[in-house]
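Working notes, beginning with the structure itself.
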Amino acid sequence: MDIPTYTPAEAPVPEGEIVIERGSTPQQLGPRLNRTAADVVRFLLQQGEMVTATQSLNDDMIELFALDVGAEISLVDPGQEQEVELQKVLDLEDEDELDTSDLPHRAPVITVMGHVDHGKTKLLDQIRNANVVAGEAGGITQHIGAYQVHLDGNDLTFIDTPGHEAFTAMRARGAESTDIVVLVVAADDGVMPQTIEAIQHAKAAEVPIVVAVNKIDRENADPNRVLQQLSEHDLVPEAWGGDTIVCEVSALQNIGIDDLLANLLVVAEVEDLRAAPEGRARGAVLEAHLDMGRGPVATVLVQRGTLRVGDPLVAGPAWGRVRALVNDRGEQVKEAGPSMPVEVLGLSDVAQAGDQFVVAPDERRAKAVAETRERWHREAARARDASVVSHGARLEDIFAQIQAGEQATLNLIVKADVQGSLEAVTESLRKLERPEVRIGFVLRGVGGITESDIQLAATSSATIIGFNVRPGRQARDMAETEDVEIRTYEVIYKLLEDIESAMVGMLEPEFEEVVTGEAEVREVFRIPRIGAVAGCMVQSGTITRGSQVRFLREGTIIWKGEVSSLRRFKEDVREVASGFECGVGLSDFQDLKQGDVIETFELREIPRT
C-alpha cells in the first residue's frame, strides 16, 4: 500500500506551552496545534503507526508529532487540562485584584479557639442568642459551625472550632480562613495544651489575636494568672504595655460580651478587610455531610466574589450546579457575598472539609476537574493503604499477634456522620500507631454502616468503627453471620481509649449495648396536646415502654431518649413484639418522618477478652 506523503503545514503553531490531554485522538490533537486530523494520521503513517482519526494516541505519538511541527506541549491526565485552564483564569483574576484599596469592605471572619470546656460555644450562644450546646455528646463541639451576626450596622462572621485536641486539623483550617482569632481562656483553669495549640495556629496564619478571659464570675477565677501565662507565649496584654487586646467576660452571666464585640469591630477596622463582591466566587469548605432528604450538603465560607443559585461549582472531588443556598438561620437565599457562610445543596458528592471551592466557567469543566481530582485522591489512598491492608488483622486478634512478637496491622473501616468528624477520627487513629502495630484504613466514608461495608470488612479482616452512625438491621444481621466486629461511638476520646487499650492488651470489663427491638415508622400522627406519635411496625425484637431508644435516619443517629408511651390500637401496653403494629411516643422529639427507624437498646455488662 502506498503511504501518502506527509508535508508539514504552513500555518504556525500556537505560541507558548499548549496543554494536551493524554489519550487524545488525532481529531482532538490536530486543531490544538493548528493542524487537521488528517495531518496527524498521515504523519504517524509515515512513522509506521497505523491509526485512525478517532483512535487514542499514546504519549510518544503525541510528543513526536508536536516535535515535528515545532510545538511546545505539556501532557496532562484527562480532566487535568480543565484544572490547568481553571487555575490560569484564577491567576488572572488574582493579578487584576493586586490593588485592593478600591474594593468594598467585607465582614471580618472571626474564629473562636481555646481549650476544651473553656466556654467557647457558650460564648457564641450569648453572641448570637441561640443555644447550640444542648445535644452535643459529652458537651464537646464536634463539627465546625459558621454564624453571622449583625452589630451596629456591621456584620461579623464567627467560626466555632471544636475544642477537643483530636480536632487539631480542623482548628488549623479555621485559622487559615480567618481574619481575627478570639482565644477563649477560662479564668479558673488558665492556659492549657489546646490553648497553646490555638496560639500556634493563629500565629502561623499571621492573624491578630483577641483574648477573652472567660468564667470571671467563678470564685476561684484568677485573671492575672491567665495574663501572666499568656505573656509567656508572647501575648502581652495592652494593660501591661503590650499590643494584645484582653477582655474579661462571663459567657454564663452575659458579662463583658458587648466590650468584646466592640473590640472586634475596632480590630476589623484596623485590618481594613476588603474583597471583590463581583466575579467568580471562591472560598473554603468548612464542613460537609450527607443529608437523607437534601443529599450532599457543604457548609462553605465565601471569600471572594458572589456565589449564586445556579452557579457550576467544584469543591475538591465534588461538583455540581448550586441548587439552593441556605444561610445560618435556615433561610434560603439567592446569593452569598464575601465573608458569608452558607450551606450549598446540589453537589455530586460529599466534599472534603478544608477543600477550596470555586465557580467554574461551565458544568462540563467543573465535572472534568472534579473527576480528575477524585481519581487522584483514590489512587493516592490506594497506594498509601495497600501495603498495610494486605496483611491486616481484626481488633480482637491484634494483641495475640503482638504477644507472639509479630508486627501486627489493624485493618479498620471508619464511617462517620460528617466529613470533619471522619478526618478527625482518621488522624487521631493514625497517631496511635506504634512500631509493633500499624493501622490500615480499608475504607473511610460518610454515612451509615451498610451491608457492603460488612462484606468489605469480612474479606479484608477489618473491624468497623462507627462515629455517630449505626448499622441497619440487615447490616447487623450480616455482621453476626460474617463474624464482623462493629464498634460504634459518639464521643471521640472514648473511641481512642478503646482502640488504644485493645492495642496494648489492657481490656477491662465494659457495658455492651444490646439492641432489644427495632421498629419502622410507617405513618406519623399529630395529636393535640400530645404532639407527634409514630405509627410503627415492629421489625425485630420487642419495643418496651420506658426503654432507651435511638432514632435513626439513613443509619445516622439524630436523637436519643426513651419511649414515653406505647399503644396497641387504643390500649396502653408495656411491650409490643415483632410483627405487630403500635403507636410510639418519644420523649422530647417531634421530628418524625416516614421510613425512620426506632431502635431500642439496653446496657449489659460483659467481660472484655
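- Scanning all heavy atoms of the two residues, the minimum distance from Ile449 to Gly466 falls at CD1-CA, 4.1 Å.
- Using a 4.5 Å heavy-atom cutoff, the side chains of Leu496 and Leu429 are in contact.
- Atom NZ of Lys367 has 12 or fewer neighbouring heavy atoms from other residues, nucleotides or ligands inside a 6.0 Å radius.
- The shortest non-hydrogen separation linking Arg308 to Val322 is O-CB, 3.7 Å.
- Between the CG atom of Leu552 and the CD atom of Glu518 there is a distance of 7.5 Å, given to the nearest 0.5 Å.
- Counting only heavy atoms from C-beta outward, the side chains of Lys593 and Val521 never approach each other to under 4.5 Å.
- Between Glu343 and His289 the shortest side-chain heavy-atom distance falls below 4.5 Å.
- With a 4.5 Å cut-off on side-chain heavy atoms, Leu566 and Val584 count as touching.
- The backbone N or O of Arg329 sits less than 3.5 Å from a side-chain atom of Asn327, completing a donor-acceptor pair.
- For Arg574, the CZ atom sits in a loose shell: 12 or fewer heavy atoms of surrounding residues, nucleotides or ligands are nearer than 6.0 Å.
- Around CD of Glu581, the count of heavy atoms belonging to other residues, nucleotides or ligands within 6.0 Å does not exceed 12.
- Arg568 places no side-chain N or O within 3.5 Å of a backbone atom of Cys582 that could act as its donor or acceptor partner.
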Check step by step if side chain to side chain donor-acceptor pair (under 3.5 Å) holds for Glu451 and Gln474. CA-CA 7 Å; Glu451 291 97 309; Gln474 290 88 348; 5.4 Å; no
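- With hydrogens and angles ignored, the 3.5 Å screen pairs a side-chain donor or acceptor of Asp453 with a backbone N or O of Thr450.
- In this structure, the side chain of Ser564 engages the main chain of Gly585 through a donor-acceptor pair within 3.5 Å.
- Between the Thr600 side chain and the Gly517 main chain, a donor and an acceptor come within less than 3.5 Å of each other.
- Taking CG from Asp477 and CZ from Arg473, the interatomic distance works out to 6.5 Å, rounded to the nearest 0.5 Å.
- The distance from atom CZ of Phe441 to atom CG of Asn411, rounded to the nearest 0.5 Å, is 10.5 Å.
- Considering only heavy atoms from C-beta on, Leu301 comes within 4.5 Å of Thr157 through its side chain.
- Taking NZ of Lys415 as the reference point, atom OG1 of Thr556 lies at 9.0 Å (rounded to 0.5 Å).
- With hydrogens and angles ignored, the 3.5 Å screen pairs a side-chain donor or acceptor of Arg545 with a backbone N or O of Val573.
- Side chains of Arg553 and Asp591 form a contact here, defined as non-hydrogen atoms less than 4.5 Å apart.
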Would you please test Thr544 and Val563 for side chain to side chain contact (heavy atoms under 4.5 Å, CB included) and show each step? CA-CA 7 Å; Thr544 306; Val563 177; over 6 Å; no
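- Counting heavy atoms from C-beta on, the side chains of Trp319 and Leu347 never come closer than 4.5 Å.
- One distance of note links OG1 of Thr195 with CE of Met113; it measures 11.5 Å at 0.5 Å rounding.
- Closest approach of Ala288 and Val418 over heavy atoms only: O-CB, 3.4 Å.
- A pairwise comparison of heavy atoms in Val469 and Gly448 identifies CB-CA, 4.1 Å as the closest pair.
- Annotation: side chain of Val359 is in contact with side chain of Pro312 (closest heavy-atom distance under 4.5 Å).
- Here the options are Leu286, Leu313, Leu307, Leu325, the test is side chain to side chain contact (heavy atoms under 4.5 Å, CB included), and the partner is Val300; only Leu307 passes.
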Could you check Tyr489 against Val425 for side chain to side chain contact (heavy atoms under 4.5 Å, CB included), going step by step and ending with a plain yes or no? CA-CA 11 Å; Tyr489 302 89; Val425 170; over 6 Å; no
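- In this structure, Asn214 contributes its side chain and Ala251 its backbone to a donor-acceptor pair below 3.5 Å.
- One N or O on the side chain of Glu287 and one on the backbone of Gly420 form a donor-acceptor pair closer than 3.5 Å.
- Across all non-hydrogen atoms, the minimal contact from Leu592 to Ala532 is CD1-CB, 3.5 Å.
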Verdict with reasoning, Gln455 to Met478, per side chain to side chain contact (heavy atoms under 4.5 Å, CB included): CA-CA 8 Å; Gln455 291 172 341; Met478 181 184 288; 3.8 Å; yes
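- A salt bridge links Glu599 with Arg476: the distance from a Lys NZ or Arg NE/NH1/NH2 to an Asp or Glu carboxylate oxygen falls below 4.0 Å.
- Nearest heavy atom pair, residue Val112 against residue Val184, reads CG1-CG2, 3.7 Å.
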I would like to know whether Val285 and Gln419 meet side chain to side chain contact (heavy atoms under 4.5 Å, CB included); could you show each step before the answer? CA-CA 10 Å; Val285 177; Gln419 189 67 41; over 6 Å; no
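- Taking CD1 from Ile464 and CG from Leu443, the interatomic distance works out to 9.0 Å, rounded to the nearest 0.5 Å.
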